[in-house]
Undergrad: 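Here you go, one structure.
All values below were derived from every heavy atom in this structure, side-chain atoms included, with hydrogens, water molecules and symmetry-related copies excluded. Each chain gets a letter, A, B and so on, in the order the sequences are listed, and its residues count up from 1.
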There are 2 protein chains.
Amino acid sequence: MANIKDIAKIAGVSVTTVSRVLNNHPYVSKEKKEAVLQAMEEYNYQRNINAVHLSKGKTFLIGVVIPFTNHPYFGLLVEGIAKEAVKYNYKLVLFQTNYEVVREIEALEMLQHKQIDALIICSRSCGWDLIDEYLEYGPIIFCEDSRGRNVSSTFIDHYKCFYNALEYLYDKGHRKIGYCVGRKSGTNSRQREKAYRDFLDKEHLSFDPDYIFYECLKFEDGVKVVQQLTRMDNPPTALLVTSDIVAAGMITYCKEKGILIPDDLAIMGFDNQPVAKIMHITTLEIPLVEIGEKLFLQALDSRSNSHEEINVKLIERQTV
Amino acid sequence: MANIKDIAKIAGVSVTTVSRVLNNHPYVSKEKKEAVLQAMEEYNYQRNINAVHLSKGKTFLIGVVIPFTNHPYFGLLVEGIAKEAVKYNYKLVLFQTNYEVVREIEALEMLQHKQIDALIICSRSCGWDLIDEYLEYGPIIFCEDSRGRNVSSTFIDHYKCFYNALEYLYDKGHRKIGYCVGRKSGTNSRQREKAYRDFLDKEHLSFDPDYIFYECLKFEDGVKVVQQLTRMDNPPTALLVTSDIVAAGMITYCKEKGILIPDDLAIMGFDNQPVAKIMHITTLEIPLVEIGEKLFLQALDSRSNSHEEINVKLIERQTV
DNA sequence: GTAATTTATGAAACGCGTATCATAGCAAGA
DNA sequence: TCTTGCTATGATACGCGTTTCATAAATTAC
């Protein structure tokens with residue numbers, strides 16, 4: 001396979017001139033440019049991108065850390081990142097971590113080794129101490145409130161969101177309110193728990209650990225939650241469900257079991273996924289695609305750190 | 001940032017020796033190895049992976065082309081690929097194409113430019129003529145029957161599957177059978193249509209184009225299909241639905257509308273996703289994770305082409 | 001005891017495109 | 001006419017790790 005040197009020789013020019021042609025540098029005469037292009041054509045020249053990367057010190061790859069690819073929340077987030085990446089001619093390397101720290105480290109190491117130019121962490125298991133070790137190697141962007149840290153982030157204020165949603169349910173008359181989240185630990189979950197406890201305190205409601213449901217990620221997890229509810233002596237009358245698809249599972253199963261929504265159980269979903277519209281789920285619209293886009297742009301801007309808070313919108317439908 | 005030359009100088013050895021230490025080559029004395037390691041430690045040496053890539057001519061990246069990331073079918077497929085990739089220390093570059101040919105070309109070009117070592121195409125829009133242009137640059141692996149072509153593949157015989165499934169429904173007494181697929185064109189859809197038509201011919205049943213539903217990918221698409229059914233004068237009594245999640249949508253909506261399953265409408269799903277179990281969907285189990293694993297291994301083996309057919313298993317539950 | 005291996009080490013070439021610097025011709029402005 | 005400044009081109013260094021080849025010393029083999 002021909003390289004730039006071969007092309008230069010064949011076209012009777014220097015490698016510099018060939019490089020100029022490759023990069024559309026203006027200072028190349030028409031004749032030489034022609035000759036170079038023809039030589040490239042003739043020998044089916046392919047620029048070795050690894051040499052470019054070595055020379056330029058960047059790869060036009062951006063790493064994206066997500067726990068699951070087949071989850072609508074992360075699906076939309078990635079969609080947003082990808083949308084913007086295309087514009088800037090960047091490609092994405094997806095790291096599906098299943099919340100395993102070793103996988104997160106793999107991603108961080110790729111940043112360290114300059115195999116990716118930046119890393120977007122949409123959700124993580126590892127601690128900040130680990131992150132800090134890798135900050136020197138390139139930009140790391142977060143989809144969680146990381147104000148006060150030396151990184152960029154685009155985030156939802158989950159504390160505020162949750163608090164407002166709880167107040168909304170309270171105003172609708174609910175006093176036994178529970179919630180479902182994806183996992184127990186994690187920044188977002190902690191913020192939500194804090195909001196939940198603060199809210200309970202304010203309204204002088206008692207805290208019941210059984211009102212919190214973890215590991216709610218998929219349609220079938222919603223079914224499981226309802227199954228648990230039916231076994232409870234004093235089940236909640238309303239639930240905040242942090243994924244519409246889980247809410248959809250709950251509603252489906254409730255219908256099967258004759259549990260009336262919202263009368264027996266009020267459900268507020270999150271994300272405003274398409275399924276929410278179809279199933280008339282009252283939900284908090286989170287502009288995930290937009291968040292993804294912003295995350296990407298922050299990843300590109302390696303010099304300055306910024307923090308963007310994104311607002312959510314309540315979509316009132318028929319499940320509360 | 002220190003490079004291999006600096007480390008060599010500091011440790012008082014040649015770059016070759018440093019390289020040997022980096023690659024665990026046996027012929028390095030204990031003392032020199034120590035010295036090198038210490039120098040690396042002290043200067044926080046990071047091997048420039050792009051230089052390695054340039055030198056080795058490979059990147060340990062494998063491209064994966066999928067139309068959608070947030071779809072359970074492709075989610076599981078990618079899971080299988082990723083599972084195997086980890087073992088071999090490869091990373092994946094995911095190309096979400098939305099079935100746009102330009103995106104597929106992007107992936108092919110990354111192969112051409114040696115930015116990825118191989119490309120796995122799980123589903124495509126482009127034609128074989130385009131693929132053929134890129135075959136010379138590296139292995140391209142397919143998740144569709146591509147026997148007779150100069151590539152590797154792991155696939156389901158969708159013709160056989162569909163035909164068998166149709167016979168199963170026929171044996172259950174159904175004479176008005178329709179089906180739902182993801183998209184109209186595409187290798188799999190064509191195979192299925194052929195099976196459908198051949199089956200109708202064999203059983204002397206007439207072909208009704210309204211019995212075929214396209215663009216069925218998500219939960220909400222299932223809802224739409226049922227809505228269409230209710231508007232039909234002579235709707236099918238049984239449907240093959242090529243995704244459990246779509247079947248789940250159909251069943252959910254049927255329940256809402258009082259359509260009895262399987263009496264009014266029999267539904268056979270595909271994939272045996274978790275949702276199929278929960279909703280008691282009769283389905284064809286497709287071992288997607290296993291297929292993903294095999295695809296990856298084929299991608300690694302660049303010299304020989306192979307074709308593996310994967311068998312499916314009927315899981316009888318309550319929707320047929 | 002000499003030949004054949006094995007161990008240990010380094011110089012230099014290689015993979016390949018980009019960036020800097022130097023050079024030279026030519027045109028516009030003073 | 002002389003100075004700038006732009007156009008055009010190439011030599012060379014650079015980014016950096018791997019690999020080949022050569023050499024020397026230390027073992028093992030016969």
Undergrad: Could I get the full list of side-chain hydrogen bond (donor to acceptor under 3.5 Å, both in side chains) partners for B/Ser153, not counting sequence neighbours?
TA: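 B/Ser153 satisfies side-chain hydrogen bond (donor to acceptor under 3.5 Å, both in side chains) with B/Ser146, B/His307 only.
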Undergrad: Which residues satisfy the side chain to side chain contact (heavy atoms under 4.5 Å, CB included) test with B/Lys294, sequence neighbours excluded?
TA: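 With sequence neighbours excluded, B/Lys294 shows a side chain to side chain contact (heavy atoms under 4.5 Å, CB included) to B/Thr154, B/Glu290, B/Glu308, B/Ile310, given in chain and number order.
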Undergrad: Residues two or more places apart in sequence or in another chain: which of them pass salt bridge (charged side-chain N to carboxylate O under 4.0 Å, His left out) with B/Lys83?
TA: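 If we apply the salt bridge (charged side-chain N to carboxylate O under 4.0 Å, His left out) test to B/Lys83, skipping adjacent residues, the hits are B/Glu293.
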Undergrad: The criterion is ring pair (Phe, Tyr, Trp, His ring centres under 6.0 Å); which residues satisfy it with A/Phe296, sequence neighbours excluded?
TA: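 A/Phe296 satisfies ring pair (Phe, Tyr, Trp, His ring centres under 6.0 Å) with A/Tyr88, A/Tyr90 only.
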Undergrad: Could I get the full list of side chain to side chain contact (heavy atoms under 4.5 Å, CB included) partners for A/Val15, not counting sequence neighbours?
TA: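 Once residues adjacent in sequence are excluded, the partners of A/Val15 under the side chain to side chain contact (heavy atoms under 4.5 Å, CB included) criterion are A/Ile4, A/Lys5, A/Ala8.
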Undergrad: With sequence neighbours excluded, tell me which residues meet side-chain hydrogen bond (donor to acceptor under 3.5 Å, both in side chains) with A/Ser304.
TA: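 Expected list: A/Asp301.
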Undergrad: Base, backbone or nothing for each nucleotide of nucleotides 4-10 of chain D, written B, S, -, heavy atoms under 4.0 angstrom, 5' to 3'?
TA: --SBBBB
Undergrad: Which atom pairs, one a donor and one an acceptor, fall under 3.5 Å between side chains of residues 128-138 of chain B and the rest of the protein, sequence neighbours left out?
TA:
| from | atom 1 | to | atom 2 | distance (Å) |
| --- | --- | --- | --- | --- |
| B/Tyr137 | OH | A/Asn44 | ND2 | 3.1 |
| B/Tyr137 | OH | A/Gln46 | NE2 | 3.1 |
| B/Tyr137 | OH | B/Gln112 | NE2 | 3.3 |

Undergrad: Return the set of residues passing side-chain hydrogen bond (donor to acceptor under 3.5 Å, both in side chains) with B/Glu144 (not counting sequence neighbours), or none when no residue passes.
TA: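 B/Arg124, B/Thr187.
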Undergrad: Please report the distance, rounded to the nearest Å, between CD1 in B/Ile49 and C1' in D/dT18.
TA: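 To the nearest whole Å, that distance equals 13 Å.
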Undergrad: For A/Asn23, answer base if it contacts any base atom (sugar-phosphate contacts may also be present), sugar-phosphate if it contacts only those atoms, and nothing otherwise; contact means non-hydrogen atoms under 4.0 Å.
TA: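 The answer is sugar-phosphate, as A/Asn23 gets under 4.0 Å only of primed atoms, P, OP1 or OP2.
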Undergrad: List the residues meeting side chain to side chain contact (heavy atoms under 4.5 Å, CB included) with B/Leu217, not counting sequence neighbours, and say none if there are none.
TA: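 Side chain to side chain contact (heavy atoms under 4.5 Å, CB included) list for B/Leu217, sorted by chain: B/Phe68, B/His71, B/Asp221.
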Undergrad: Angle between the two end axes of the helix from C/dG1-D/dC30 to C/dA30-D/dT1, five base pairs per end, rounded to 10 degrees?
TA: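 Answer rounded to 10°: the end axes differ by 30°.
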Undergrad: Between residues 51-61 of chain A and DNA chain C, which residues have a heavy-atom gap below 4.0 Å?
TA: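 A/Ala51, A/Val52, A/Ser55 - these, ordered by number, are the residues of the stretch whose heavy atoms sit under 4.0 Å from the strand.
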